[in-house]
Amino acid sequence: MTPSCTHALELASMLANIGPGDEVILPSYNFTSAATAVTKFGATPVFVDVEFDTKGINLSKARDAITSKTKAISWVNYAGTAPDIEGLQNLAKEFNLLLIEDNAHGLGSTYKGKPLGSFGDFATQSFHATKNIQCGEGGALVVNNPIYIDRAEIIREKGTDRSKFIRGEVQKYQWVDQGSSYLLAETLAAQLLGQLENFTKIHDRREKIFHKYYDSLSHLSESSLFEIHFVRNLDLHRAHMFYLVAKNRKIRDGLIDRLDRLGIKSTFHYQSLASSIRGKTYYTKEELLHESERLSYQLLRLPLYYSLSEKEQDLVIEAVLGYKFET
Ligand SMILES: Cc1ncc(COP(=O)(O)O)c(C=O)c1O
(Lines give C-alpha, C1' and ligand atoms only; values in the text may rest on other atoms or scores of the structure.)
Protein backbone atom coordinates (compact mmCIF):
# COMPACT_ATOMS: atom_id res chain seq x y z
CA MET A 1 0.00 0.00 0.00
CA THR A 2 1.14 3.56 -0.69
CA PRO A 3 -0.33 6.99 0.12
CA SER A 4 -1.36 7.43 -3.55
CA CYS A 5 -0.85 6.14 -7.08
CA THR A 6 1.55 9.04 -7.58
CA HIS A 7 3.76 7.69 -4.77
CA ALA A 8 3.53 4.19 -6.26
CA LEU A 9 4.75 5.55 -9.61
CA GLU A 10 7.66 7.27 -7.85
CA LEU A 11 8.50 4.09 -5.99
CA ALA A 12 8.49 2.20 -9.31
CA SER A 13 10.95 4.75 -10.75
CA MET A 14 13.24 4.31 -7.75
CA LEU A 15 13.12 0.52 -8.04
CA ALA A 16 13.87 0.75 -11.75
CA ASN A 17 16.83 3.04 -10.95
CA ILE A 18 15.51 5.64 -13.35
CA GLY A 19 17.86 8.62 -13.31
CA PRO A 20 19.73 11.26 -15.30
CA GLY A 21 20.41 10.21 -18.89
CA ASP A 22 17.50 7.75 -18.97
CA GLU A 23 14.39 8.09 -21.10
CA VAL A 24 10.97 6.74 -20.24
CA ILE A 25 8.35 6.43 -22.98
CA LEU A 26 4.81 7.31 -21.94
CA PRO A 27 1.51 8.24 -23.57
CA SER A 28 0.90 11.97 -23.79
CA TYR A 29 -2.81 11.59 -22.97
CA ASN A 30 -2.03 10.89 -19.35
CA PHE A 31 -2.14 12.09 -15.78
CA THR A 32 0.77 14.32 -14.75
CA SER A 33 2.11 11.86 -12.16
CA ALA A 34 3.39 9.55 -14.92
CA ALA A 35 5.70 12.37 -16.03
CA THR A 36 6.65 13.82 -12.63
CA ALA A 37 7.62 10.32 -11.44
CA VAL A 38 10.23 10.40 -14.20
CA THR A 39 11.41 14.02 -14.06
CA LYS A 40 11.67 13.95 -10.24
CA PHE A 41 14.65 11.61 -10.66
CA GLY A 42 16.30 13.62 -13.43
CA ALA A 43 15.21 11.39 -16.31
CA THR A 44 13.45 12.48 -19.51
CA PRO A 45 9.83 11.66 -20.38
CA VAL A 46 9.34 10.84 -24.06
CA PHE A 47 5.74 11.47 -25.03
CA VAL A 48 4.04 9.38 -27.69
CA ASP A 49 0.50 9.42 -29.00
CA VAL A 50 -2.36 7.14 -27.97
CA GLU A 51 -4.50 4.97 -30.20
CA PHE A 52 -8.05 5.95 -30.99
CA ASP A 53 -10.02 2.97 -29.79
CA THR A 54 -8.45 2.18 -26.40
CA LYS A 55 -7.06 5.68 -25.61
CA GLY A 56 -3.96 3.76 -24.55
CA ILE A 57 -0.38 3.99 -25.76
CA ASN A 58 0.12 3.47 -29.50
CA LEU A 59 2.44 0.51 -29.82
CA SER A 60 4.05 1.44 -33.13
CA LYS A 61 4.70 5.02 -31.90
CA ALA A 62 6.26 3.56 -28.75
CA ARG A 63 8.53 1.37 -30.88
CA ASP A 64 9.57 4.38 -33.00
CA ALA A 65 10.49 6.32 -29.83
CA ILE A 66 12.95 3.72 -28.48
CA THR A 67 16.58 4.88 -28.33
CA SER A 68 19.71 3.56 -26.63
CA LYS A 69 18.71 5.67 -23.59
CA THR A 70 15.24 4.15 -23.14
CA LYS A 71 14.92 2.47 -19.78
CA ALA A 72 11.20 1.82 -19.46
CA ILE A 73 7.79 2.15 -21.03
CA SER A 74 4.97 3.34 -18.83
CA TRP A 75 1.35 2.99 -19.91
CA VAL A 76 -2.17 3.58 -18.60
CA ASN A 77 -5.12 1.18 -18.80
CA TYR A 78 -7.42 4.07 -19.63
CA ALA A 79 -10.96 3.67 -18.27
CA GLY A 80 -10.00 0.10 -17.38
CA THR A 81 -9.26 -0.81 -20.99
CA ALA A 82 -5.91 -2.31 -21.92
CA PRO A 83 -3.86 -1.22 -24.91
CA ASP A 84 -1.88 -3.90 -26.78
CA ILE A 85 -0.12 -5.23 -23.67
CA GLU A 86 1.19 -8.32 -25.42
CA GLY A 87 2.85 -6.04 -27.98
CA LEU A 88 4.37 -3.97 -25.17
CA GLN A 89 5.71 -7.07 -23.47
CA ASN A 90 7.33 -8.20 -26.72
CA LEU A 91 8.87 -4.77 -27.17
CA ALA A 92 10.24 -4.85 -23.62
CA LYS A 93 11.82 -8.25 -24.25
CA GLU A 94 13.31 -7.19 -27.59
CA PHE A 95 14.90 -4.00 -26.22
CA ASN A 96 15.45 -5.07 -22.60
CA LEU A 97 13.10 -2.47 -21.10
CA LEU A 98 11.13 -2.36 -17.88
CA LEU A 99 7.34 -2.01 -17.98
CA ILE A 100 5.36 0.24 -15.65
CA GLU A 101 1.60 -0.36 -15.80
CA ASP A 102 -0.52 2.45 -14.39
CA ASN A 103 -3.71 0.65 -13.44
CA ALA A 104 -5.34 3.54 -11.55
CA HIS A 105 -8.55 3.00 -13.57
CA GLY A 106 -8.47 -0.74 -13.94
CA LEU A 107 -8.81 -2.60 -10.65
CA GLY A 108 -10.88 -5.72 -11.36
CA SER A 109 -10.68 -5.35 -15.15
CA THR A 110 -8.98 -7.94 -17.33
CA TYR A 111 -6.88 -8.35 -20.47
CA LYS A 112 -7.03 -11.73 -22.22
CA GLY A 113 -8.64 -13.15 -19.10
CA LYS A 114 -5.91 -12.00 -16.69
CA PRO A 115 -6.28 -9.13 -14.19
CA LEU A 116 -5.02 -5.72 -15.23
CA GLY A 117 -2.23 -4.73 -12.89
CA SER A 118 -0.52 -8.11 -13.34
CA PHE A 119 1.40 -7.32 -16.54
CA GLY A 120 4.05 -4.65 -15.90
CA ASP A 121 7.20 -5.34 -13.88
CA PHE A 122 5.48 -2.77 -11.68
CA ALA A 123 1.80 -1.87 -11.64
CA THR A 124 0.24 0.98 -9.73
CA GLN A 125 -3.25 1.42 -8.26
CA SER A 126 -5.09 4.49 -7.04
CA PHE A 127 -7.65 4.60 -4.23
CA HIS A 128 -8.27 8.32 -4.61
CA ALA A 129 -11.83 9.50 -3.96
CA THR A 130 -12.55 9.54 -7.71
CA LYS A 131 -11.78 5.84 -8.16
CA ASN A 132 -14.21 2.89 -8.04
CA ILE A 133 -12.72 1.63 -4.76
CA GLN A 134 -11.44 4.47 -2.64
CA CYS A 135 -10.33 5.73 0.75
CA GLY A 136 -10.01 9.43 -0.06
CA GLU A 137 -6.30 9.26 -0.86
CA GLY A 138 -4.49 5.97 -1.29
CA GLY A 139 -2.62 3.73 -3.67
CA ALA A 140 -0.63 0.56 -4.10
CA LEU A 141 2.40 -0.71 -5.93
CA VAL A 142 2.06 -4.21 -7.32
CA VAL A 143 5.51 -5.71 -7.75
CA ASN A 144 5.04 -8.39 -10.39
CA ASN A 145 8.75 -9.00 -10.88
CA PRO A 146 9.82 -10.65 -7.61
CA ILE A 147 13.44 -9.46 -7.81
CA TYR A 148 12.21 -6.01 -6.72
CA ILE A 149 10.11 -6.99 -3.71
CA ASP A 150 12.74 -6.73 -0.96
CA ARG A 151 13.97 -3.34 -2.12
CA ALA A 152 10.39 -2.03 -2.48
CA GLU A 153 9.79 -2.76 1.21
CA ILE A 154 13.00 -0.94 2.16
CA ILE A 155 12.39 2.17 0.06
CA ARG A 156 8.87 2.72 1.38
CA GLU A 157 10.13 2.29 4.99
CA LYS A 158 12.51 5.28 4.91
CA GLY A 159 15.38 3.23 3.53
CA THR A 160 15.32 0.77 6.46
CA ASP A 161 14.75 -2.97 6.83
CA ARG A 162 11.94 -2.34 9.30
CA SER A 163 9.55 -4.71 7.46
CA LYS A 164 12.01 -7.57 8.11
CA PHE A 165 12.23 -6.50 11.77
CA ILE A 166 8.41 -6.51 12.10
CA ARG A 167 8.37 -10.06 10.69
CA GLY A 168 11.08 -11.07 13.18
CA GLU A 169 13.65 -11.71 10.45
CA VAL A 170 16.26 -9.31 11.89
CA GLN A 171 16.93 -8.30 15.52
CA LYS A 172 16.92 -4.54 14.90
CA TYR A 173 16.28 -2.39 11.92
CA GLN A 174 18.65 0.12 10.39
CA TRP A 175 19.27 2.37 7.40
CA VAL A 176 20.25 0.17 4.45
CA ASP A 177 19.31 1.94 1.20
CA GLN A 178 17.65 4.87 -0.52
CA GLY A 179 14.18 5.59 0.81
CA SER A 180 11.16 7.67 1.68
CA SER A 181 7.93 7.26 3.63
CA TYR A 182 5.49 5.66 1.24
CA LEU A 183 3.05 4.00 3.65
CA LEU A 184 -0.72 4.21 3.79
CA ALA A 185 -2.15 5.25 7.18
CA GLU A 186 -3.93 2.37 8.90
CA THR A 187 -7.10 4.38 9.36
CA LEU A 188 -7.31 4.86 5.60
CA ALA A 189 -6.48 1.20 5.04
CA ALA A 190 -9.40 0.29 7.32
CA GLN A 191 -11.70 2.48 5.26
CA LEU A 192 -10.41 0.84 2.10
CA LEU A 193 -11.04 -2.62 3.52
CA GLY A 194 -14.71 -1.69 3.94
CA GLN A 195 -14.82 -0.74 0.26
CA LEU A 196 -13.05 -3.91 -0.84
CA GLU A 197 -15.52 -6.01 1.15
CA ASN A 198 -18.23 -4.37 -0.97
CA PHE A 199 -16.33 -4.75 -4.25
CA THR A 200 -19.08 -6.72 -6.02
CA LYS A 201 -21.90 -4.51 -4.79
CA ILE A 202 -20.07 -1.31 -5.84
CA HIS A 203 -19.19 -2.71 -9.25
CA ASP A 204 -22.63 -4.16 -9.93
CA ARG A 205 -24.12 -0.73 -9.41
CA ARG A 206 -21.46 1.03 -11.52
CA GLU A 207 -21.88 -1.47 -14.32
CA LYS A 208 -25.64 -0.99 -14.26
CA ILE A 209 -25.16 2.76 -14.64
CA PHE A 210 -22.57 2.26 -17.38
CA HIS A 211 -24.81 -0.06 -19.40
CA LYS A 212 -27.79 2.26 -19.10
CA TYR A 213 -25.69 5.10 -20.51
CA TYR A 214 -24.44 2.83 -23.24
CA ASP A 215 -27.89 1.55 -24.20
CA SER A 216 -29.43 5.02 -24.14
CA LEU A 217 -26.67 6.93 -25.89
CA SER A 218 -24.78 4.60 -28.21
CA HIS A 219 -26.99 5.57 -31.17
CA LEU A 220 -25.43 9.07 -30.91
CA SER A 221 -22.47 7.63 -32.78
CA GLU A 222 -24.59 8.05 -35.90
CA SER A 223 -25.17 11.74 -35.12
CA SER A 224 -22.95 14.58 -36.22
CA LEU A 225 -22.17 15.58 -32.62
CA PHE A 226 -20.59 12.67 -30.77
CA GLU A 227 -18.91 9.36 -31.01
CA ILE A 228 -19.33 6.72 -28.39
CA HIS A 229 -16.57 4.20 -28.49
CA PHE A 230 -15.81 1.50 -26.11
CA VAL A 231 -13.31 -1.23 -26.02
CA ARG A 232 -11.99 -3.03 -29.03
CA ASN A 233 -11.73 -6.31 -27.16
CA LEU A 234 -14.37 -8.08 -25.19
CA ASP A 235 -12.40 -8.15 -21.97
CA LEU A 236 -14.08 -7.17 -18.77
CA HIS A 237 -13.82 -3.55 -17.75
CA ARG A 238 -15.31 -2.44 -14.49
CA ALA A 239 -17.16 0.74 -15.46
CA HIS A 240 -14.66 3.27 -14.20
CA MET A 241 -15.98 5.96 -16.51
CA PHE A 242 -18.44 6.66 -19.29
CA TYR A 243 -17.19 9.15 -21.85
CA LEU A 244 -18.36 10.71 -25.06
CA VAL A 245 -16.04 12.09 -27.71
CA ALA A 246 -17.51 15.18 -29.37
CA LYS A 247 -16.82 15.90 -33.03
CA ASN A 248 -15.12 19.14 -32.03
CA ARG A 249 -14.24 21.22 -29.00
CA LYS A 250 -17.17 23.66 -29.33
CA ILE A 251 -19.65 20.79 -29.26
CA ARG A 252 -17.94 19.32 -26.16
CA ASP A 253 -17.76 22.62 -24.30
CA GLY A 254 -21.37 23.44 -25.26
CA LEU A 255 -22.57 20.20 -23.68
CA ILE A 256 -20.53 20.76 -20.51
CA ASP A 257 -22.18 24.22 -20.24
CA ARG A 258 -25.66 22.87 -20.87
CA LEU A 259 -25.26 20.16 -18.26
CA ASP A 260 -23.75 22.65 -15.85
CA ARG A 261 -26.77 24.93 -16.20
CA LEU A 262 -28.97 21.94 -15.32
CA GLY A 263 -26.90 21.27 -12.20
CA ILE A 264 -25.15 18.24 -13.73
CA LYS A 265 -21.40 18.04 -13.37
CA SER A 266 -19.63 16.59 -16.41
CA THR A 267 -15.90 16.85 -16.85
CA PHE A 268 -13.19 16.83 -19.47
CA HIS A 269 -10.11 14.77 -18.68
CA TYR A 270 -6.37 14.99 -19.33
CA GLN A 271 -4.59 17.72 -21.19
CA SER A 272 -2.03 16.22 -23.58
CA LEU A 273 1.15 16.37 -21.46
CA ALA A 274 3.32 17.22 -24.47
CA SER A 275 1.35 20.48 -24.85
CA SER A 276 1.37 21.45 -21.17
CA ILE A 277 3.59 24.25 -19.86
CA ARG A 278 6.11 21.85 -18.36
CA GLY A 279 5.66 19.16 -21.01
CA LYS A 280 6.72 21.55 -23.76
CA THR A 281 10.17 21.79 -22.21
CA TYR A 282 10.58 18.07 -23.02
CA TYR A 283 8.49 17.75 -26.17
CA THR A 284 10.03 20.17 -28.63
CA LYS A 285 8.86 18.70 -31.96
CA GLU A 286 6.54 20.79 -34.17
CA GLU A 287 4.35 17.81 -34.94
CA LEU A 288 1.32 17.56 -32.65
CA LEU A 289 0.31 14.28 -31.06
CA HIS A 290 -3.07 14.31 -32.76
CA GLU A 291 -5.08 11.70 -30.87
CA SER A 292 -3.93 13.07 -27.50
CA GLU A 293 -4.80 16.63 -28.57
CA ARG A 294 -8.18 15.56 -29.86
CA LEU A 295 -9.07 13.77 -26.63
CA SER A 296 -7.95 16.76 -24.54
CA TYR A 297 -10.46 18.95 -26.33
CA GLN A 298 -13.22 16.58 -27.31
CA LEU A 299 -13.69 14.01 -24.55
CA LEU A 300 -16.24 14.47 -21.80
CA ARG A 301 -17.12 12.22 -18.87
CA LEU A 302 -20.67 11.83 -17.60
CA PRO A 303 -21.45 11.40 -13.89
CA LEU A 304 -20.85 7.80 -12.81
CA TYR A 305 -20.77 7.02 -9.12
CA TYR A 306 -22.30 4.48 -6.76
CA SER A 307 -24.98 6.73 -5.30
CA LEU A 308 -26.17 8.18 -8.63
CA SER A 309 -29.89 7.39 -8.55
CA GLU A 310 -31.89 6.13 -11.53
CA LYS A 311 -33.84 9.37 -11.58
CA GLU A 312 -30.67 11.45 -11.62
CA GLN A 313 -29.20 9.34 -14.40
CA ASP A 314 -32.43 9.74 -16.42
CA LEU A 315 -32.00 13.52 -16.14
CA VAL A 316 -28.43 13.29 -17.43
CA ILE A 317 -29.48 11.11 -20.36
CA GLU A 318 -32.39 13.40 -21.18
CA ALA A 319 -30.10 16.43 -21.09
CA VAL A 320 -27.57 14.82 -23.43
CA LEU A 321 -30.26 13.63 -25.86
CA GLY A 322 -31.90 17.05 -25.83
CA TYR A 323 -28.66 18.86 -26.66
CA LYS A 324 -28.89 20.84 -29.88
CA PHE A 325 -25.71 22.37 -31.05
CA GLU A 326 -26.03 25.58 -32.99
CA THR A 327 -23.03 26.86 -34.92
C1 LIG B 1 -4.03 7.19 -14.77
C2 LIG B 1 -3.80 7.88 -13.48
N3 LIG B 1 -2.66 7.64 -12.80
C4 LIG B 1 -2.40 8.21 -11.62
C5 LIG B 1 -3.29 9.10 -11.06
C6 LIG B 1 -2.95 9.73 -9.73
O7 LIG B 1 -3.55 9.02 -8.70
P8 LIG B 1 -3.41 9.48 -7.17
O9 LIG B 1 -4.33 10.63 -6.97
O10 LIG B 1 -3.80 8.27 -6.38
O11 LIG B 1 -1.98 9.84 -6.96
C12 LIG B 1 -4.48 9.40 -11.72
C13 LIG B 1 -5.44 10.33 -11.11
O14 LIG B 1 -6.58 10.35 -11.34
C15 LIG B 1 -4.74 8.77 -12.96
O16 LIG B 1 -5.85 9.05 -13.67
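Side chains included, hydrogens not; waters and symmetry mates left out as well; all remaining heavy atoms used. Atoms within each ligand, like the ligands themselves, are counted from 1 in listed order.
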Taking R238 first and then E207, would you say they form a salt bridge - that is, a charged N and a carboxylate O separated by under 4.0 Å? yes
In terms of residue, atom name and distance, what is the protein heavy atom nearest to atom 3 (N) of ligand 1? D102 OD2, 2.6 Å
Residue-level breakdown please: for T6 versus ligand 1, do any non-hydrogen atoms fall below 4.0 Å on the side chain, on the backbone, on both, or on neither? both
Report yes or no: is the cationic atom of K172 (NZ for Lys, CZ for Arg) closer than 6.0 Å to the six-membered ring centre of F165, at no more than 45° off its axis? no
If you count the atoms of ligand 1 from 1 in the order shown, which ones are under 4.0 Å from a heavy atom of H105? 1 (C), 15 (C), 16 (O)
Only heavy atoms of G138, strictly under 4.0 Å: list the atoms of ligand 1 that pass. 10 (O)
Starting from atom 1 (C) of ligand 1, which protein heavy atom do you reach first, and at what distance in Å? Y270 OH, 3.2 Å
Ion pair K208/E310, N-O distance below 4.0 Å: yes
Do K55's NZ or CZ and the ring of F52 fall within the cation-pi criteria of under 6.0 Å and 45°? yes
Could you tell me whether R162 sits above the aromatic face of Y173, with NZ or CZ closer than 6.0 angstrom to the six-membered ring centre and within 45 degrees of the axis? yes
Hey, is R151 close enough to D177 for a salt bridge, meaning N to O under 4.0 Å? yes
for atom 14 (O) of ligand 1, nearest protein heavy atom and its distance come out as K131 NZ, 2.7 Å
Protein contact to atom 7 (O) of ligand 1 [nearest heavy atom, distance to 0.1 Å]: C5 CB, 3.3 Å
Tell me, which protein residue and heavy-atom name are nearest atom 5 (C) of ligand 1, and how many Å apart are they? F31 CD2, 3.4 Å
Quick one: which ligand 1 atoms are inside 4.0 Å of a heavy atom on S126? 7 (O), 8 (P), 10 (O)
Per-atom filter on ligand 1: closer than 4.0 angstrom to a heavy atom of V76 are 1 (C)
Strictly below 4.0 Å, N to O, side chains only: are R167 and E169 in salt-bridge contact? yes
